[in-house]
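Following: one structure in structure tokens, then a few remarks.
All ligand and atom numbering here is 1-based and tracks the order in the structure.
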Amino acid sequence: MSLNNNWNRDILAKAWHFATIKHSGQTYGGRIPDQYIEYINHLSSVAMESMWVLANSNDDYNADLLLQCALLHDTLEDTPTEYHELLVTFGPDVANGVQSLTKNKTLINDQDQMLDSLQRIQAQPKEIWMVKMADRITNLYHPPYYWDKTKIAAYRSEGQVIYDHLAPADALMAQRLADKIEAYQQFL
Ligand code: NI
């Protein structure tokens, strides 16, 4: 019997509040023209995908680590938050996990940025690998209305690269990602 539902609600409420403040005012492209979605929708989707795996897996995971990083995973990449603030607020495991999930923008091209991040994720606990898979699962729900077919095809291929690097972390999460990569063909 797994204890994966044994997460601390106060720890998660703190991360959810922090992420909501940091991403305040941000939106991303929706499914129909001129539609924009509140950024925190993405964060809650990543947490939701993670919770489903926690609830259905027989493996024991650090649910607090997984869910905090799910909620905070874009704070370094997409907001003015700095590593030190995550470190003092949430501790080293969360700060290091989020750091690995953050692209190094000094690398020139997108492919190098992705491969560098994937290598740093692989040096982290499996929970961090799972956040990256959950992130891509949610981003494969539907492309933003303004993406063309070339961009959509490239994004699908990149999803396969993520799968190839991170699938060993968890079979349920990996299957969900594989299903979403397959289904993404409908947008091509
Ligand atoms: Ni994300």
How about Phe187 and Trp147: are their ring centres within less than 6.0 Å of each other? no
Gln26, CD: over 12 other non-hydrogen atoms inside 6.0 angstrom: yes
If you count the non-hydrogen atoms of other residues, nucleotides and ligands that lie under 6.0 Å from CD in Gln160, is the total more than 12?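 Buried by this count: over 12 neighbours within 6.0 Å.
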With sequence neighbours excluded, what pairs up with Glu158 under the salt bridge (Lys or Arg N to Asp or Glu O under 4.0 Å) test?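 Only Arg136 meet the salt bridge (Lys or Arg N to Asp or Glu O under 4.0 Å) criterion with Glu158.
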State which residues pass salt bridge (Lys or Arg N to Asp or Glu O under 4.0 Å) with Glu49; sequence neighbours excluded, sorted by chain then number.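 Counting only residues at least two positions away or on another chain, Glu49 forms a salt bridge (Lys or Arg N to Asp or Glu O under 4.0 Å) with Arg176.
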Identify which protein N/O/S atoms are less than 2.8 Å from the Ni ion (ligand 1).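 You should have found His42 NE2, His73 NE2, Asp74 OD2, Asp135 OD1.
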Linking Ile, Leu, Val, Met, Phe, Trp and Tyr through side-chain heavy atoms less than 4.5 Å apart, which residues share a cluster with Leu43?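 Members other than Leu43 - counting any ILVMFWY side chain reachable under 4.5 Å - are Trp16, Tyr28, Ile37, Tyr39, Ile40, Leu71.
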